[in-house]
Enquirer: 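Pasting in a structure now, in structure tokens, and then I'll have a few things to ask.
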There are 2 protein chains.
Amino acid sequence: MRQTLTNTGRWRSNGLHCHSCAARCDSVWSQLDEPELDRLDQHKSVQRLDPGEVLYGQGDPCKGLFVVQSGSLALRKFDDSGRSVLLRLVVAGQAVGYRCFFDGGRYRAQAEALEATRVCFLKPTLVTKMFEQNPDVVRGMMQRLARELGDAEDRFLMATRRSVRCRLAHALLRLKDHHGEVDDEGVLTVQLPISRQDLADLLGTRPETIARTTRALEKDGVASFHGRRVVIPDLDLLFDELELDGC
Amino acid sequence: MRQTLTNTGRWRSNGLHCHSCAARCDSVWSQLDEPELDRLDQHKSVQRLDPGEVLYGQGDPCKGLFVVQSGSLALRKFDDSGRSVLLRLVVAGQAVGYRCFFDGGRYRAQAEALEATRVCFLKPTLVTKMFEQNPDVVRGMMQRLARELGDAEDRFLMATRRSVRCRLAHALLRLKDHHGEVDDEGVLTVQLPISRQDLADLLGTRPETIARTTRALEKDGVASFHGRRVVIPDLDLLFDELELDGC
DNA sequence: CGTGCCTTTGAAGGTTGTCAACTGTAGTGG
DNA sequence: CCACTACAGTTGACAACCTTCAAAGGCACG
């Protein structure tokens, strides 16, 4: 693998050319034409993160825009007392740091690697230029911001009005899209990308409550939990959890 | 007051010309030049809402962009079971419906008048044209979306990690900016723009808990509540609430 | 094999939600 | 002008859910 020294002083692996980067298809970058992709590729720098490594910290000034090439990140927000929540999981093809980029302030959350992860970094000048020359990308970013805002507002409704059990069922249903597989017999298996502690932070609860709730779901035959592997025999039972009274 | 019939078939009062609209100063529209303001004024239509009247409902297709000229709105989100939360209060000069406008989907919350309110309506074609010709306005809207997203994420952290008492103190501190006044002796009075039920929906709790919590704050001398008038003798005591252990 | 961390389990307590009853207030109609 | 109604707000009692604290179990890593 070719190694070059970037102007940031960090060793990087160029990894894939933007043009052939699989992650691109899934993102707002899919609308860029060849010359744009070339420029992006020339000016991007790639960074490798070990599991748990922090890409940027809450309160840091905005560095630029990041795009996950492979692996995944988590956005974590802390309060003054050190309590934290997980805001979002970021998988290949998705950008991070854009909220701060558009806000113009400082990062209001921390980005950390959930596994070995490669991240492309785009300097603010490059991003600004690209936005100026590609209105479609701007539109795509606005749409993303708007969706994120809608999702965040949904989360607030869920967190304040529904039980942990219901929120857990909901989280499993969302996670299955990126982390689920269905076998021959129609049994769904979800491979959780995060620990129980992080799952608690994602739902806004505590690890102990997660343990008790997973146990309760097992007792009722909705799902069985083996470490990070979740087996869901009947998806309908999971959907029922969203409709129940206590939820 | 001049009355004209718009193409929507609704009677409207033109109210103020955009140029002299006080609400404008406070908003992203402050950057528009004279010709732009003229066009905006020609094509806008003004709508009057009675207290409680719904501007648009959750699930409705996006109609366009609204700007509050006078009065105020609340954004309310419902879940399937009819439980609701208040997402945001919208005061004069602020836009509503932009999240949906950029998302391209349907409204994910309901906008309703908190008092007698005048709202300017801008058709999608007009908004789109204005965005094309005023990159600064687009930047302003992106910044607003980004701030809103950050605020929504803060709310999630608050709602899941802090007590109602702490959230109430925090809400009072935010409300004082637009709804507070300080008298000669340095005593702060906040005139709540919403009912106790809505205050509960804003904090993600129940009216009974609001009543108990306000009473607890009174007992501790932090604030006294008389209907919608809140008297806060010492602001520092309110700030202390944010730092306390249980918060 | 020991250490450290994550996870689980149990017990206890606190915060909040729920239900019901009561109060106060505003609006309505006689 | 006053009774009546309707509804928001309050208060109390109780229960449920969740957090907290403590300890044990499990798993990875040195």
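Residue numbers start from 1 in every chain, and the chains themselves are labelled A, B, ... in the order their sequence lines are given, proteins ahead of strands.
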Enquirer: Roughly how many Å is it from CD1 in B:I210 to P in D:dA8, rounded to a whole number?
Expert: 16 Å
Enquirer: Applying side chain to side chain donor-acceptor pair (under 3.5 Å), name anything that partners A:R155, two or more places apart in sequence or on another chain.
Expert: none
Enquirer: List the residues meeting side chain to side chain donor-acceptor pair (under 3.5 Å) with B:R206, not counting sequence neighbours, and say none if there are none.
Expert: none
Enquirer: Distance check needed: C:dT8 P versus A:Q197 CD, whole Å only.
Expert: 11 Å
Enquirer: Ignoring backbone atoms, test whether B:R215 places a side-chain nitrogen or oxygen under 4.0 Å from the OP1 or OP2 oxygen of D:dT10.
Expert: no
Enquirer: Would you work out how much the helix from C:dC1-D:dG30 to C:dG30-D:dC1 bends between its ends, with each end axis defined by five base pairs, to 10 degrees?
Expert: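 End-to-end axis angle: 30°.
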Enquirer: A:K219 NZ to C:dT8 C1': how many Å, rounded?
Expert: 17 Å
Enquirer: Say whether, by atom type as modelled, one donor and one acceptor occur between the side chain of B:Y107 and the main chain of B:K63 under 3.5 angstrom.
Expert: yes
Enquirer: Does A:S163 have a side-chain nitrogen or oxygen under 4.0 Å from the phosphate oxygens OP1 or OP2 of D:dC17?
Expert: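 So the side-chain polar atoms of A:S163 never come under 4.0 Å of the phosphate oxygens OP1 or OP2 of D:dC17.
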Enquirer: DNA chain C: A:F225 or A:T160, which has the more 5' nearest nucleotide?
Expert: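 It is A:F225, whose closest nucleotide lies nearer the 5' terminus.
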Enquirer: For A:D220, give me all partners under side chain to side chain donor-acceptor pair (under 3.5 Å), at least two apart in sequence or on another chain.
Expert: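 By the side chain to side chain donor-acceptor pair (under 3.5 Å) rule, A:D220 matches A:R165.
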Enquirer: Classify the nucleic acid contact of A:S195 as base, sugar-phosphate or nothing, counting any heavy atom under 4.0 Å across all strands shown.
Expert: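 If one applies the 4.0 Å heavy-atom cut-off, A:S195 turns out to touch the sugar-phosphate alone, with no base involved.
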Enquirer: Rounded to whole Å, how long is the line connecting atom CZ of A:R162 with atom P of C:dG17?
Expert: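 Taking atom P of C:dG17 as the reference, CZ of A:R162 is at 16 Å.
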Enquirer: Taking side chain to side chain donor-acceptor pair (under 3.5 Å) as the definition, give me every residue that meets it alongside B:D198, ordered by chain and number, with sequence neighbours left out.
Expert: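 B:D198 satisfies side chain to side chain donor-acceptor pair (under 3.5 Å) with B:R76 only.
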Enquirer: Between protein and nucleic acid, restricted to nucleotides 19-23 of chain C and to nitrogen or oxygen atoms under 3.5 Å apart, what atom pairs and distances do you find?
Expert:
| unit_1 | atom_1 | unit_2 | atom_2 | d |
| --- | --- | --- | --- | --- |
| C:dC19 | N4 | B:E208 | OE2 | 3.2 |

Enquirer: What is the separation between atom CZ on A:R196 and atom C1' on D:dG25, rounded to the nearest whole Å?
Expert: 15 Å
Enquirer: Is A:R161 salt-bridged to B:D201, going by a charged N under 4.0 Å from an acidic O?
Expert: yes
Enquirer: If I take atom CE in residue A:M158 and atom P in nucleotide D:dC17, what distance separates them, rounded to the nearest angstrom?
Expert: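 A:M158 atom CE is separated from D:dC17 atom P by 16 Å.
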Enquirer: Can you see if the side chain of B:R206 gets near the phosphate of C:dT16 - specifically, an N or O under 4.0 Å from OP1 or OP2?
Expert: no
Enquirer: So, is A:T205 near the phosphate of D:dT19, with a side-chain N or O under 4.0 Å from OP1 or OP2?
Expert: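 The answer is yes; a side-chain N or O of A:T205 sits under 4.0 Å from OP1 or OP2.
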Enquirer: Donor-acceptor pair, distance only, cut-off 3.5 Å: does the side chain of B:R228 make one with the backbone of B:Q191?
Expert: no
Enquirer: Looking at A:S72, is its backbone amide N or carbonyl O close enough to the side chain of A:E115 to form a donor-acceptor pair, meaning the two atoms are under 3.5 Å apart?
Expert: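 Here the side-chain-to-backbone pair exists.
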Enquirer: Between B:R228 (CZ) and D:dG9 (P), how many Å, whole number?
Expert: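 Rounded to whole Å, this separation is 7 Å.
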Enquirer: In whole angstrom, what separates A:D201's CG from C:dT7's P?
Expert: 11 Å
Enquirer: Do you know which two heavy atoms are closest between B:C100 and B:C62, and how far apart they sit?
Expert: SG-CB, 3.3 Å
